[in-house]
Amino acid sequence: MGKIVAANWKMNLRRQSGCELASALKNDGRDCWLFPAYPHLALVHDALIGGALKLGAQDVSPEEDGAFTGDVSAEMLADAGCTLVLVGHSERRHGHGEHGATLLLKLKRALRAGLKPVYCVGETLAERKDGKAREVVTEHLATLIELAAPDRNELAAVAYEPVWAIGTGETATPEQAGEMHAFIRGELAKHGMKSLPILYGGSVKPENARDLMTQPNVDGVLVGGASLELESLRAIDDVAREM
Ligand code: PEP
């Protein structure tokens with residue numbers, strides 16, 4: 001049935017390069033999830049028409065439309081053609097100080113607008129070294145558990161992204177990823193989210209994609225750097241399709 005490949009383009013690419021990448025993936029008949037920067041969303045949406053890829057935003061405002069300079073509302077994202085949105089990416093948690101209450105509001109706004117969130121969790125290196133990785137992930141997951149039960153069924157995925165592996169070239173070993181994914185699966189199951197896909201993110205590349213995706217509870221990958229090049233994204237997606 002294949003695994004999920006989600007591409008987080010972060011603050012990279014331009015209108016032309018983003019659209020070219022999107023069109024090439026569509027022409028291949030792929031069904032990845034793409035997360036371009038805000039100014040590229042509507043154009044990438046148009047480039048994807050007729051294909052099976054899904055479009056998502058990298059963040060969403062916790063507020064409704066109104067006087068919030070610089071913010072982008074969930075309704076605007078849906079209007080631009082998004083069906084998915086990242087919430088709680090570590091670059092938002094650590095770079096912008098976003099935590100529980102704000103992230104819960106973002107989840108609720110997204111769901112109300114019909115967007116399906118990909119909710120990111122993961123510990124820092126210091127937290128892992130202190131033996132607190134599970135504690136931190138449990139704390140991050142607590143935000144999801146605050147959602148009403150019907151809303152929990154509308155999530156697209158949870159992404160486990162150890163902060164120490166994001167953009168560093170250092171990847172969790174398949175065993176580390178598998179162990180944390182099994183833990184997350186157990187926590188989600190306790191709250192009726194047994195079948196919610198769990199993605200791994202953190203320096204995924206064509207060379208490590210297979211070992212990560214063969215772990216039993218790894219339902220796919222969230223890819224940053226390696227998703228900016230057509231060849232590496234294709235190679236990762238080829239692995240995902242074989243599974
Ligand atoms: C990410 O930011 O979601 C990510 C996983 O980035 P990278 O693959 O570059 O580590």
Side-chain angles (χ1 to χ4, degrees), residues 1 3-8 31-36 38 41 45 52-66 68 71-94 96-123 134-161 180-201 217-222:
M1 109 143 243
K3 301 221 174 188
I4 297 163
V5 174
N8 177 11
D31 58 0
C32 309
W33 300 355
L34 304 184
F35 296 85
Y38 288 143
L41 286 172
H45 169 264
L53 291 107
K54 291 187 180 166
L55 183 70
Q58 297 170 17
D59 190 29
V60 59
S61 172
E63 305 291 347
E64 287 186 67
D65 288 347
F68 299 99
D71 276 6
V72 178
S73 72
E75 289 76 11
M76 289 173 175
L77 297 176
D79 189 43
C82 292
T83 56
L84 301 167
V85 63
L86 297 181
V87 174
H89 191 281
S90 70
E91 287 155 15
R92 303 299 312 174
R93 288 182 191 268
H94 298 287
H96 296 264
E98 294 180 1
H99 295 291
T102 303
L103 298 179
L104 182 60
L105 273 177
K106 289 184 178 214
L107 288 168
K108 287 182 176 172
R109 291 276 181 241
L111 289 163
R112 210 163 299 159
L115 300 172
K116 292 185 177 290
V118 175
Y119 180 69
C120 307
V121 303
E123 79 288 355
R134 284 187 177 201
E135 197 182 309
V136 170
V137 167
T138 305
E139 194 185 305
H140 291 172
L141 290 175
T143 303
L144 286 188
I145 292 151
E146 286 186 54
L147 288 172
D151 281 346
R152 293 181 205 159
N153 298 329
E154 299 305 318
L155 297 160
V158 163
Y160 170 57
E161 299 207 296
M180 187 59 90
H181 279 235
F183 174 71
I184 293 172
R185 178 81 71 216
E187 292 300 298
L188 293 175
K190 283 184 205 164
H191 301 279
M193 293 176 275
K194 199 173 159 197
S195 53
L196 185 63
I198 308 170
L199 312 182
Y200 170 80
N217 290 296
V218 177
D219 302 310
V221 286
L222 178 54

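We use all heavy atoms of the structure for the numbers below, so side chains are in, but hydrogens, waters and symmetry mates are not.
- Remark: the His89 side chain and the Gln58 side chain contain no N/O donor-acceptor pair separated by less than 3.5 Å.
- Expressed to the nearest 0.5 Å, how far CD of Glu64 lies from CG of Asp71 amounts to 13.0 Å.
- Closest approach of Ala74 to Arg109, counting heavy atoms only: CB-O, 3.4 Å.
- Leu141 contributes atom CG, which lies 7.5 Å from atom CZ of Phe183 (distance to the nearest 0.5 angstrom).
- By the side-chain contact (heavy atoms from CB on, under 4.5 Å) test, Ala149 pairs with no residue at all, sequence neighbours left out.
- Atom CG in Leu86 sits 10.0 Å away from atom CD in Glu91 (nearest 0.5 Å).
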Trace of the side chain to side chain contact (heavy atoms under 4.5 Å, CB included) decision for Cys82 with Val60: CA-CA 11 Å; Cys82 292; Val60 59; over 6 Å; no
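- When all heavy atoms of Asp219 and Lys3 are compared, the closest pair comes out as O-CB, 3.4 Å.
- The two residues Val136 and Gly122 make their nearest non-hydrogen contact at CG1-O, 4.0 Å.
- Across all their heavy atoms, Arg152 and Leu147 have their closest contact at NE-O, 3.0 Å.
- Judged as a ring pair (Phe, Tyr, Trp, His ring centres under 6.0 Å), and not counting sequence neighbours, His45 has no contacts.
- Glu146 contributes atom CD, which lies 11.0 Å from atom NE2 of His191 (distance to the nearest 0.5 angstrom).
- For the atom pair CD1 of Ile198 and CZ of Arg185, the computed distance is 3.5 Å after rounding to the nearest 0.5 Å.
- In this structure Tyr119 satisfies the ring pair (Phe, Tyr, Trp, His ring centres under 6.0 Å) test with no other residue, sequence neighbours excluded.
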Listing, residues 110-117 side-chain donor-acceptor contacts under 3.5 Å, not counting sequence neighbours, or none:
from: Lys116; atom 1: NZ; to: Glu154; atom 2: OE1; distance (Å): 3.0

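- The shortest non-hydrogen separation linking Ala57 to Leu41 is CB-CD1, 4.1 Å.
- Between Glu139 and Val121 the shortest side-chain heavy-atom distance does not fall below 4.5 Å.
- Evaluation of the side-chain contact (heavy atoms from CB on, under 4.5 Å) rule for Asn153 yields no partner, not counting sequence neighbours.
- Of all heavy-atom pairs spanning Leu84 and Ala156, the tightest one is CD2-CB, 3.6 Å.
- Side-chain contact between Val118 and Pro197: absent, with no pair of heavy atoms (C-beta onward) separated by less than 4.5 Å.
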Pair Leu144-Leu188, side chain to side chain contact (heavy atoms under 4.5 Å, CB included): steps then yes or no: CA-CA 9 Å; Leu144 286 188; Leu188 293 175; 4.2 Å; yes
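- Take Glu98 and apply the salt bridge (charged side-chain N to carboxylate O under 4.0 Å, His left out) test, not counting sequence neighbours, and it matches Arg92, Lys106.
- Between Tyr160 and His181, the ring planes lie perpendicular to each other; the angle is over 60°, past the 30° to 60° tilted range.
- Here the straight-line distance linking atom CG of Leu55 with atom CZ of Phe35 works out to 8.5 Å at 0.5 Å rounding.
- Listed for the Tyr38 side chain is a donor-acceptor partner under 3.5 Å among the backbone atoms of Asp59.
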Step-by-step side chain to side chain contact (heavy atoms under 4.5 Å, CB included) determination, His140 to Leu103: CA-CA 10 Å; His140 291 172; Leu103 298 179; over 6 Å; no
